[in-house]
Amino acid sequence: MLLKKTYALIDCNNFYVSCERVFDPRLENRPVIVMSNNDGCVVARSDEVKALGVAMGVPVFKIRDLIERHRMVLYSSNYTLYGDMSRRVMKTLAGFTPDLEIYSIDEAFLDLSGFGYKNLTDYGRVIRRTVKRWTGIPVSVGIAPTKTLAKIANHLAKKSPKADGVLDLTDSPYLDHALAAVGVKNVWGVGPAHARRLRKIGIENALQLRDADDRWVQKHMSVVGLRTVYELRGRPCYDLETAPAPQKGLACSKSFGRPVESLADLAEAVALYATRAAERLRRQKLAAGALCVFVMTNLFSKKDRRYFNSHTTELPVATSDTAELISYALAALEKIYRPGHKFKKAGVICDQLTCRNKIQLNLFDPVDRPRSRRLMQTLDAVNALYAPDTLRYAAAGLDRPWKTRFEKRSCRYTTNWNELPRAKISLQPS
DNA sequence: TCTGGGGTCCTAGGACCC
DNA sequence: TCTGGGGTCCTAGGACCC
C-alpha cells in the first residue's frame with residue numbers, strides 16, 4: 001500500500017508588484033504594474049489592476065489611457081531585486097521542510113506527506129504568516145494529493161476571500177465543486193491551444209476534464225495531457241524534483257530599444273549577448289558544445305519587410321571562454337546578416353551543454369585551454385570585486401545606443417550598498 | 001513611436017542502416 | 001508483371017510552463 005501523498009504549493013501573490021511594495025508601502029492599495037524588458041508588456045499586476053481588466057502580457061502602449069485615468073504606477077522590471085527577494089522567501093520555506101522544490105522565481109512545492117498534521121489548513125496559515133513577517137511578501141497556499149490539484153487549490157485560495165489565502169483540498173467534500181469552478185485554461189498543463197480544442201468538445205472546466213475520455217486525451221494532448229487528467233483524479237504522476245535536472249540549453253536575447261540596421265551595431269549586441277551567455281555558463285560550471293545566433297525584424301510591423309534567420313555552429317571543443325564564443329558568434333552573424341532591414345531583436349543560444357569537468361578534448365585544438373581558464377577566472381574575479389563589466393571585451397561596445405529600455409527601474413535595495421532604502425523617523429510626543 | 005525572456009517535453013517524419 | 005521491412009537517430013515544430 002502506497003502512502004498517500006500530500007503536496008503544498010506556495011505561490012507569491014503578484015510577486016514583482018509585491019517586491020516593489022515591500023520597499024515603498026505607499027503603493028499599497030494602489031494600482032501597480034511591472035513591465036517586461038524594454039518596458040514593453042505587462043508582466044505583473046496588482047489586484048487593483050487585475051480588477052480593471054488588464055490582462056497579463058498586454059503591450060503597455062495599448063492601455064495608456066487606462067493607465068492615466070486610474071493613475072497606475074509603472075515599474076520597469078528589476079530582476080536583481082526580485083531574484084534576491086525570491087531567495088529570502090525560499091529560505092524561509094526551507095525552514096518548514098527539507099522536501100522543497102523551487103519551481104519558479106515565485107513558487108515552491110512542499111512535500112507534506114506523512115507529516116501527520118491533523119489540520120493542514122492551520123499549517124498553511126503558519127507558513128503564510130511566517131513568510132509575510134520575515135520577507136514582507138504575501139503568499140497563497142494550496143494543499144492537495146497531487147501537484148496539479150495543489151495548483152488548483154492555490155488558484156482558488158487566491159481568488160476566494162473566504163479561503164483567506166489557504167485552501168486544503170485533501171479529502172475535501174467540496175472537491176468536485178472546486179474543480180467545476182476552475183476554467184479548463186487555468187489547469188496546469190492546459191495552454192491556449194488545448195483549451196480551445198477542449199472547449200470545442202464541450203469541456204469547459206477542470207471537473208469535466210477530469211472525467212474526460214482517456215483515449216481522446218492521449219490522442220489530442222499526448223501523454224502529457226493524460227498525466228494532467230490522472231493528476232486531476234488524484235493519482236500522482238509528478239513527484240517533487242528537489243535536485244534540478246542538468247540544464248540543456250541557455251539563451252541570451254533581448255529586443256533593442258530602437259531598430260538597428262548596421263552590421264556594426266548588430267555585432268556589438270551579439271558580442272554582448274555572447275559575453276553574458278559565457279558568464280552564465282561559467283557561473284554554472286558548464287560549457288557549450290554548440291552556439292546558435294539569430295536576428296529578427298519586428299514581427300508585428302505591417303510596413304517593414306520581415307526577416308528572420310539563424311545559424312548554428314558546432315564548436316570543436318565545448319567552451320565557456322568569452323573571446324572564443326564572441327568570435328564564433330560574430331562569424332555566424334556575418335552569415336545571416338542582410339542589409340536594409342530594421343532589426344528589432346538578436347540572440348545567442350548555447351546548446352549541448354556539458355559539465356565543465358567532462359569536456360571532450362580535441363587533438364587539434366588550437367586553444368590553450370588551461371590559459372583560457374585562468375584568464376576567465378581572473379576576469380570574473382575582477383568583475384566580482386569591482387563591478388560588472390569593469391573588464392570587458394571591446395567587441396561588445398561602449399555606448400550601446402540600441403540597448404534595452406528600463407526607464408522606471410526601482411533601486412536594488414537588497415544587493416547594492418549604494419541603493420539601500422532610507423528611512424525617515426520623526427519622533428512625536430504621544 | 002510603442003508588443004519580454006528563458007526554459008522543458010513530446011511527436012511526427014525524414015535520413016540512414018542492414 | 002513484379003521494386004521490403006524494421007529499427008534507430010536526429011530535428012523541427014508545436015505544445016506547455018513561469
Side-chain angles (χ1 to χ4, degrees), chain A residues 9 11-12 14-16 33-44 54-65 67 74-79 82-83 86 101-109 147-148 151 154-155 184-198 217-228 237-238 241 244-259 273 276-277 280-281 284 286 290 292 294 296-304 306 308 310 312 314 342 344-353 404-408:
Chain A
L9 174 67
D11 188 318
C12 302
N14 318 328
F15 182 55
Y16 298 168
I33 283 176
V34 176
M35 300 176 287
S36 64
N37 274 316
N38 234 3
D39 297 346
C41 293
V42 173
V43 291
V54 174
M56 180 71 172
V58 294
V60 174
F61 74 86
K62 282 193 177 169
I63 54 164
R64 282 280 169 215
D65 283 354
I67 290 168
L74 269 61
Y75 281 91
S76 304
S77 13
N78 184 344
Y79 292 109
Y82 310 150
S86 173
E101 174 188 341
I102 297 174
Y103 178 67
S104 74
I105 194 166
D106 68 338
E107 283 172 73
F109 285 103
K147 286 169 130 183
T148 304
K151 275 274 197 182
N154 191 294
H155 177 77
V184 81
K185 71 168 194 294
N186 292 319
V187 175
W188 192 42
V190 178
H194 286 151
R196 230 175 295 126
R197 198 155 208 177
L198 285 165
V217 173
Q218 161 96 55
K219 179 158 180 236
H220 294 101
M221 301 168 67
S222 84
V223 294
V224 184
L226 201 55
R227 283 186 203 128
T228 299
C237 297
Y238 302 106
E241 288 174 29
Q247 203 174 337
K248 298 189 169 155
L250 182 157
C252 228
S253 75
K254 271 192 188 67
S255 303
F256 304 128
R258 62 164 169 75
Y273 302 157
R276 295 286 175 257
R280 279 165 52 195
L281 286 171
Q284 301 180 58
L286 295 170
C292 170
F294 71 86
M296 61 200 278
T297 55
N298 187 344
L299 298 180
F300 297 99
S301 176
K302 295 213 170 65
K303 53 182 204 300
D304 297 319
R306 290 180 202 177
F308 173 90
S310 67
T312 301
E314 300 274 331
K342 291 190 172 119
K344 182 64 183 163
K345 185 175 181 178
V348 163
I349 302 167
C350 296
D351 272 313
Q352 298 173 26
L353 304 191
T404 308
R405 279 191 302 264
F406 290 99
E407 282 168 7
K408 296 167 189 277

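Just so it is clear: chains get the letters A, B, ... in the order the sequence lines come, proteins before strands, and each one is counted from 1.
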Each nucleotide N or O in nucleotides 9-14 of chain C that has a protein N or O under 3.5 Å away: list the pair and distance.
none

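- No donor-acceptor pair under 3.5 Å is formed between the side chain of A/Arg280 and the backbone N or O of A/Cys252.
- A/Arg280 comes within contact range of the sugar-phosphate backbone alone, with a heavy-atom separation under 4.0 Å but no base atom that close.
- In this view, A/Asn14 and A/Asp47, A/Lys50 satisfy the side-chain hydrogen bond (donor to acceptor under 3.5 Å, both in side chains) rule, not counting sequence neighbours.
- With sequence neighbours excluded, the residues satisfying ring-ring contact (aromatic ring centres under 6.0 Å, His included) with A/Tyr16 are A/Tyr79, A/Tyr82.
- With sequence neighbours excluded, the residues satisfying side-chain contact (heavy atoms from CB on, under 4.5 Å) with A/Ser253 are A/Phe294, A/Lys345.
- Take A/Phe15 and apply the ring-ring contact (aromatic ring centres under 6.0 Å, His included) test, not counting sequence neighbours, and it matches no residue.
- Here the side chain of A/Ser222 pairs no donor or acceptor atom with the backbone of A/Gln218 at under 3.5 angstrom.
- Rounded to whole Å, atom C1' of B/dG5 lies 12 Å from atom CD1 of A/Ile105.
- Rounded to the nearest Å, the gap between the C1' atom of C/dC17 and that of B/dG4 is 15 Å.
- With sequence neighbours left out, the side-chain contact (heavy atoms from CB on, under 4.5 Å) criterion links A/Cys292 to A/Ser310, A/Thr312, A/Ile349.
- Rounded to whole angstrom, the span from the CG atom of A/Leu353 across to the C1' atom of B/dG7 amounts to 12 Å.
- Atom CG in A/Leu250 sits 5.5 Å away from atom SG in A/Cys350 (nearest 0.5 Å).
- Counting non-hydrogen atoms under 4.0 angstrom, A/Arg276 reaches nothing in the nucleic acid.
- The side-chain contact (heavy atoms from CB on, under 4.5 Å) test applied to A/Lys248 returns no partner, not counting sequence neighbours.
- The shortest heavy-atom contact between A/Asp304 and A/Lys342 is OD1-NZ, 3.6 Å.
- With sequence neighbours excluded, no residue satisfies ring-ring contact (aromatic ring centres under 6.0 Å, His included) with A/Tyr238.
- Among the atoms of the strands shown, only primed sugar atoms or phosphate atoms (P, OP1, OP2) are found under 4.0 Å from some heavy atom of A/Leu250.
- Taking every heavy atom of residues 185-193 of chain A and every atom of DNA chain C, pairs under 4.0 Å involve A/Val187, A/Trp188, A/Gly189, A/Val190, A/Gly191, A/Pro192, A/Ala193, by number.
- Residue contacts shown for A/Gly347 are absent, as no nucleic acid heavy atom lies under 4.0 Å away.
- A/Asp39 places a side-chain N or O within donor-acceptor distance of the main-chain N or O of A/Glu407, the cut-off being under 3.5 Å.
- Not counting sequence neighbours, the partners of A/Glu241 by the side-chain contact (heavy atoms from CB on, under 4.5 Å) test are A/Glu101.
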- Query: Reading DNA chain C 5' to 3', how would its secondary structure be written in dot-bracket notation, given Watson-Crick and G-U pairs with both distances under 3.5 Å, brackets [ ] for crossing pairs and | for partners on other strands?
  - Reply: ....||||||||||||||
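- If you measure from atom CG of A/Asp351 to atom P of B/dG7, you get 10 Å, rounded to the nearest angstrom.
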N/O to N/O distances under 3.5 Å, protein versus nucleotides 2-4 of chain B:
{"unit_1": "B/dT3", "atom_1": "OP1", "unit_2": "A/Lys344", "atom_2": "NZ", "d": "2.9"}
{"unit_1": "B/dG4", "atom_1": "O4'", "unit_2": "A/Ser36", "atom_2": "OG", "d": "2.8"}

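- A distance-only check finds no donor-acceptor pair linking the side chain of A/Asn38 to the backbone of A/Thr404 [under 3.5 Å].
- When each of A/Thr404 and A/Ala245 is assigned the nucleotide of DNA chain B with its nearest heavy atom, A/Thr404 is the one assigned upstream, toward the 5' end.
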